[in-house]
Amino acid sequence: MNTNLEKLRELMRAKGVDAVIIPGTDPHQSEYVSDYWKFRDWVSGFTGSNGTAVVTLDKASMWTDSRYFLQAEIELEDSGFELQKVEYRGELQVIMQWLSNEIHEDDTLAVDGRLFSLMEANRLEQLCGENGFLLATDFYPADEIWEDRPEMPKNEAFVHDVEYAGEDVESKLARTMEKVEQSGADSILITALDEIAWLLNLRSSDVDFTPVAIAFFYMSDKDRVLFTDDVINKEVRNHLDNYKVRVKGYDEIEKFLDKRNVDNTIMLDPNKVSDTVGQTLECDKVYGASPVDALKAIKNDVQIEGFRRAMERDGAALVRLFIWIEQNAASGTINEIDVWEQGKLERAKSDLYRGDSFEMICGYREHGAIVHYTATPESASILQGEGLLLVDSGAQYLDGTTDITRTVTLGTPTAQEKHDFTLVLKGHLALSRAKFPVGTTGVQLDAFARMPLWQEAMTYIHGTGHGMGHFLGCHEGPHSIRTSLNPVALVPGMVTSNEPGLYKEGEYGIRTENILLVVDGPKTKAFGDFLEFETLTLFPYDTRLIDITMLTAEEIQQINDYHAMVLERLTPYLNEEEKMWLSEKCASINS
């Protein structure tokens, strides 16, 4: 029996609640959250970054996307929760359809309004009205029944020096306020943690893998206030004072907003500000996408150069890691967790390393088919001298963030493994060499990566590319490359991943991922200006897995040119043994 689920139901009965929706986020609509906000995990046992739980008095379900289907099946076993599969996040309509068959008219649906954006809460209210449900947004079960709840993190904030950031705070504040005033507002409330970190050149360690402080930030022409409980040392205090930023406690945000002058007009991002905070404001409001999101997506020259240097150090660390894997896999003495631990040791040899950018996905054989697999002491497979190994990993450096996936063979690959690997590689190569007109969006490019798989009636359900922060979140918007429509055009300075994959349940998974920079391409009088990609990631593909007969002459040349660049850029970081290994891996292939 899931005792945590039963405790929740006891509270629901006591409060007159018939159903509750529990998202896996926090009051800042974060993808990755501190342990303090992982109530969904506590109730259900599911630990994926995307998943929404729904509990009634006699049923419980968990909605998640394809990245977590296999993981959810394992973690939800005997939990009392039934897995509900959806393609992408934003499943409120589907959840409400499910609830319409489980609860009745005039029943109460409750949520913690701190965990739902204004937009989501408005949609919920509309759907409840259509179904005759009552909506309560002040149900806080985690505060009442989670007895061993972790503390809210209050770590020490630190300054991200302009040497790495490439732009000072005053410039960022001014550019943001210009956008705010253009929207018709005179102030803005920023609630997304990565936006606050970027805007103030401030970092912390309140969330695993993402160097942010839990905070809110309010700004107008007359006032700048940071709401956080993080430790503010003398250096940070001087930094904030220099830009006239006051500091208040995290919980003071609602009281502060409640006192805003009715003559003020505040800009809010309805997809990011929580319903609880948004409803506090009585003054005029302008709703729109936060301007910070678009500003920080375009990297400046210092950040771009930082990415290049970070990728070099990261590539060298991966050379050492994969040498270690090759030396130890056949002995049967290392497992998937050991690979992650060794990867951290190798990356930590860089003075600028500040931890990993996400939990390493190290999937051996059938575990590679679990898209967001995380090894546990109970599940970790021991590596052998055969089969496919998928390693998706990344790091946080002061001068850049990395994210790379490589699939390698630990023995002699089968013809089918080589065929499937080459299909994925062909899509990966096609996207990286694409040239496209200014104004092109990610959805228009997505098919480049999928076409080789589509031609054989196969596909992958996750996105092809996500934006990436600079010493910030590994996943960042507003741009993306995926099959769903995103109207944000790609522009020079944006960074995106390129990661097609193929997953065969019970057999193996294949994914190949590099990070790309959008740069200026050809300029024509007849057809306008074009853009293209610069590949930032530096590590060889496993040529033992390539079926050369499936490649065109252009693709063979592309692989050889990339490997020549990898060898040239990484060699200065390696000793003689490592150089020899890399030279072999980067050797030219011929048709």
Side-chain angles (χ1 to χ4, degrees), residues 25-30 111-125 135-138 140 152 157 169-170 172-200 202 212-230 232 236-237 239-296:
T25 188
D26 64 9
H28 308 273
Q29 298 301 302
S30 304
V111 300
D112 182 339
R114 298 170 298 184
L115 306 182
F116 285 78
S117 70
L118 275 171
M119 187 69 77
E120 289 173 324
N122 183 66
R123 183 67 177 137
L124 263 183
E125 186 173 4
L135 178 65
T137 59
D138 57 353
Y140 309 127
M152 176 79 90
V169 174
E170 194 60 50
K172 294 180 178 182
L173 296 175
R175 289 204 291 145
T176 301
M177 278 306 301
E178 181 181 359
K179 298 293 185 182
V180 170
E181 290 166 356
Q182 288 173 359
S183 75
D186 53 32
S187 58
I188 184 171
L189 176 65
I190 300 171
T191 61
L193 304 184
D194 59 338
E195 293 182 15
I196 297 169
W198 177 87
L199 193 60
L200 298 179
L202 201 63
V212 294
I214 294 178
F216 298 98
F217 183 65
Y218 171 87
M219 174 172 57
S220 69
D221 282 336
K222 300 178 181 178
D223 204 6
R224 298 167 177 175
V225 188
L226 176 67
F227 300 86
T228 185
D229 290 335
D230 266 27
I232 305 297
V236 173
R237 177 70 65 179
H239 171 75
L240 296 174
D241 286 347
N242 188 45
Y243 300 110
K244 300 180 173 58
V245 175
R246 298 189 291 137
V247 179
K248 287 182 172 289
Y250 179 78
D251 289 334
E252 294 184 58
I253 180 65
E254 292 180 38
K255 180 180 178 181
F256 175 87
L257 293 176
D258 190 46
K259 293 182 178 180
R260 289 307 87 201
N261 192 307
V262 293
D263 294 331
N264 290 149
T265 300
I266 188 168
M267 185 178 188
L268 300 174
D269 188 330
N271 289 305
K272 295 183 178 181
V273 65
S274 75
D275 183 67
T276 299
V277 169
Q279 296 294 348
T280 303
L281 286 157
E282 298 291 339
C283 61
D284 290 338
K285 295 175 276 289
V286 170
Y287 295 111
S290 169
V292 178
D293 205 26
L295 292 173
K296 72 178 173 62

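In this structure, CZ in Arg175 is found 10.0 Å from CG in Leu199, a value given to the nearest 0.5 Å. The line from CG of Leu202 to CD1 of Ile196 is 9.5 Å long, rounded to the nearest 0.5 Å. Residue Asp138 holds its CG atom at 10.5 Å from CZ of Arg114, rounded to the nearest 0.5 Å. The structure places CD of Glu120 at 10.0 Å from CG of Asp275, a figure rounded to the nearest 0.5 Å. Between the CZ atom in Phe216 and the CD atom in Glu254 there is a gap of 7.5 Å [rounded to 0.5 Å]. Note that CG of Asp230 is 10.0 Å distant from CE of Met152, once rounded to the nearest 0.5 Å.
Using modelled atom types, one side-chain atom of Thr276 and one backbone atom of Gly113 make a donor-acceptor pair closer than 3.5 Å. Side-chain atoms of Lys248 never come within 3.5 Å of backbone atoms of Val225 as a donor-acceptor pair (strictly under, hydrogens ignored). With hydrogens and angles ignored, the 3.5 Å screen pairs a side-chain donor or acceptor of His239 with a backbone N or O of Leu200. The main-chain N or O of Leu115 is found under 3.5 Å from a side-chain atom of Gln29 such that the two form a donor-acceptor pair. Without hydrogens or angle criteria, Ser117 side chain to Lys272 main chain gives no donor-acceptor distance under 3.5 Å. In this structure a side-chain-to-backbone donor-acceptor pair under 3.5 Å is missing from Ser187 to Met219. Distance alone, capped at 3.5 Å, is enough to place a donor-acceptor pair between the Lys285 side chain and the Cys283 backbone. Between the side chain of Asp112 and the backbone N or O of Tyr140, no donor-acceptor pair lies under 3.5 Å.
Nearest heavy atom pair, residue Met267 against residue Ala289, reads CE-O, 3.4 Å. Residues Leu135 and Ala121 share a closest heavy-atom pair of CD2-O, 4.3 Å. Across every non-hydrogen atom of Thr228 and Ala215, the tightest pair is CB-CB, 3.8 Å. Of all non-hydrogen atoms in Ala157 and Val236, the two that sit nearest each other are O-CG2, 3.3 Å. Taking every heavy atom of both residues into account, Leu173 and Phe217 meet most closely at CD2-CE2, 4.0 Å. Of all the heavy atoms in Ser30 and Leu193, the pair that sits closest is OG-CD1, 3.9 Å.
Under a cut-off of 6.0 angstrom, the local environment of CD in Glu181 is crowded, with over 12 non-hydrogen atoms contributed by other residues, nucleotides or ligands.
Side-chain contact between Thr191 and Ile253: absent, with no pair of heavy atoms (C-beta onward) separated by less than 4.5 Å. Residues Gln279 and Leu118 are in side-chain contact: their nearest non-hydrogen atoms beyond the backbone lie under 4.5 Å apart. Using a 4.5 Å heavy-atom threshold, the side chains of Lys179 and Ile188 count as separate. Side-chain contact between Val245 and Val169 is absent, with no heavy-atom pair separated by less than 4.5 Å. The closest side-chain heavy-atom distance from Asp293 to Asp269 is not below 4.5 Å. Residues Leu295 and Lys172 have side chains not in contact (no heavy-atom distance under 4.5 Å, counting atoms from C-beta outward). The shortest side-chain heavy-atom distance between Arg237 and Val247 falls under the 4.5 Å cut-off.
Between His28 and Phe227, the ring centre distance reaches or exceeds 6.0 Å.
Between Lys244 and Asp241 there is no salt bridge, since no side-chain N of the basic residue sits under 4.0 Å from a carboxylate O of the acidic one. Remark: Arg224 engages Glu170 in a salt bridge, criterion side-chain N to carboxylate O under 4.0 Å.
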